[in-house]
2 protein chains.
Amino acid sequence: MGRLKEFDEDKAIDGAVACFWARGYEAASVRELADHMGIGGASLYNAYGGKRALFVAALARYADRSFRERIARLETGRRPKQAIEAFLAEIIDRSLKDRDRKGCLLVNSALDVAPHDSGIGEVVADYLGEIRAFFRRNIVAAQAAAQVPADIDAEETSGHLLGVLLGIRVLARTQPHRETLEAVVRPALRLLDTRPVGKPRRGRK
Amino acid sequence: MGRLKEFDEDKAIDGAVACFWARGYEAASVRELADHMGIGGASLYNAYGGKRALFVAALARYADRSFRERIARLETGRRPKQAIEAFLAEIIDRSLKDRDRKGCLLVNSALDVAPHDSGIGEVVADYLGEIRAFFRRNIVAAQAAAQVPADIDAEETSGHLLGVLLGIRVLARTQPHRETLEAVVRPALRLLDTRPVGKPRRGRK
DNA sequence: ATAATTCTAGAACAACTGATACAGAATTGT
DNA sequence: ACAATTCTGTATCAGTTGTTCTAGAATTAT
């Protein structure tokens with residue numbers, strides 16, 4: 001019983017994501033947030049409790065709509081090695097299309113708010129862990145399918161790929177040029193290539 | 001002529017660096033800054049013009065005291081390949097010692113303020129370019145000294161190393177564990193190793 | 001209809017924001 | 001000594017911050 005909510009909760013949380021994403025946690029004011037969400041300030045506090053709680057909800061929404069969706073999509077109907085390659089290629093494409101350079105909300109949060117708020121820090125760390133698990137899982141699967149060298153360390157390599165991914169998202173904020181970003185990724189992907197024998201490297205002993 | 005400045009300008013700008021570093025550009029208020037600098041608000045505006053101009057000065061100070069100092073120190077009395085390795089090792093050590101997880105002011109700025117302020121964005125991009133140039137320069141030198149395989153692309157590899165470096169500084173904000181960070185770097189440094197022949201990789205054709 | 005409950009709009013809260021005004025103190029050249 | 005100039009502490013500016021309050025509108029169970 002009681003009066004019914006008049007606003008669309010999905011639209012509202014999406015508006016919050018957009019606002020936090022574009023402005024950052026601190027810079028996004030409650031009034032800006034409410035405007036983007038299409039609700040009044042009182043409704044925001046009534047429905048979410050406050051700015052911080054809203055941010056946690058927005059982060060969860062972002063995680064679902066961005067990397068979890070991408071992981072689910074790329075991991076079906078694709079061989080594991082191609083899933084990894086497609087993931088990184090998509091990040092580069094997204095970074096280049098991102099005209100207003102909002103970057104990745106997760107990465108932004110890892111630097112902006114995580115260090116000042118251990119609770120959110122753990123949430124962000126968990127999300128990053130999910131991405132790393134995607135890499136690790138597909139490396140192992142690719143090794144089983146003989147797509148990827150059997151002697152590389154899946155644990156180590158997944159960490160490397162996550163690091164490279166984060167580096168790209170930082171670089172893209174100041175230098176969103178395709179060649180720059182692809183140069184960062186290329187050596188990482190080469191780790192997954194089986195080494196050719198017919199074309200020996202110069203410089204070997 | 002006129003009244004002399006009563007505060008130590010070096011101490012003041014160092015205080016500004018510390019404040020911007022710990023709190024971020026937006027969160028650092030002019031009053032907090034003035035306190036950390038040991039001066040009054042009027043002196044801050046008189047000496048630096050305003051918050052933004054002070055930030056640009058603080059960034060320059062930080063660049064000199066952090067990575068330029070490191071580059072100069074590591075590049076003397078060290079072979080080029082060891083200079084690169086030492087640089088990355090130092091970043092990891094610094095990230096682990098950084099108890100309050102301030103991270104790197106340059107990286108923080110690249111995400112916080114650069115996208116909303118193209119002027120500062122260019123400044124940050126230039127600083128990142130200096131670090132990349134350090135990598136490139138030492139890769140080329142190491143190749144000339146046969147320390148590093150001659151067939152790797154110095155342009156591409158320097159970009160990769162910069163990306164990995166930025167990735168580490170992001171990861172360290174949420175997961176400052178040595179093993180995590182070293183796992184990110186290890187495959188990158190392996191690019192610089194001359195490939196052993198006596199110990200062939202499994203999985204090769 | 002009435003009670004109970006939940007939502008909404010808008011005003012209000014104290015605290016803080018970057019920036020400026022002002023008066024006075026300190027310095028140098030004349 | 002005097003004018004000219006520059007620095008400094010304090011007060012102040014209008015505007016914004018996250019949050020709360022108040023009054024009333026809308027809903028369901030009885």
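All heavy atoms count here, side chains included; hydrogens, waters and symmetry mates do not. We name chains A, B, ... by the order of the sequence lines, and we start the count at 1 in each one.
You'll find the side chain of A:Val164 stays beyond 4.5 Å of the side chain of A:Leu166, heavy atoms only.
Side chain of A:Asp64 to backbone of A:Glu69: no donor-acceptor contact under 3.5 angstrom is found. Of the possible donor and acceptor atoms, one in the side chain of B:Trp21 sits under 3.5 Å from a partner among the backbone N and O of B:Gly103.
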Check: protein-nucleotides 20-25 of chain D nitrogen or oxygen pairs below 3.5 Å:
unit_1, atom_1, unit_2, atom_2, d
D:dA25, N3, A:Arg3, NH1, 3.2

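Checked against A:Ile139 for a side chain to side chain contact (heavy atoms under 4.5 Å, CB included), the options A:Asp153, A:Ile152, A:Leu191 give a single hit: A:Ile152. Of the residues B:Ile92, B:Leu165, B:Leu161, the one that meets the side chain to side chain contact (heavy atoms under 4.5 Å, CB included) test with B:Val185 is B:Ile92.
Each of A:Ser43 and B:Gly2 has a nearest nucleotide on DNA chain C; the 5'-most of these lies closest to A:Ser43. If you find the closest nucleotide of DNA chain C to B:Glu6 and to B:Arg52, the one lying nearer the 5' end belongs to B:Arg52.
For A:Lys51, taking side-chain heavy atoms from C-beta onward, the closest of the listed nucleotides C:dT27, D:dG9, D:dG18 is D:dG18.
Between the side chains of A:Arg78 and A:Asn138, no donor-acceptor pair of N or O atoms lies under 3.5 Å.
Within residues 13-40 of chain B, the residues having any heavy atom closer than 4.0 Å to DNA chain D are, in order of number, B:Arg31, B:Gly40.
Atom CG of A:Asn46 and atom P of D:dA26 are 17 Å apart (whole Å).
Applying the ring pair (Phe, Tyr, Trp, His ring centres under 6.0 Å) criterion to A:Phe135, with sequence neighbours excluded, gives A:Phe87.
Taking the ring centre of A:Tyr25 as origin, the terminal cationic atom of A:Lys51 falls inside the region bounded by 6.0 Å and 45° from the ring axis.
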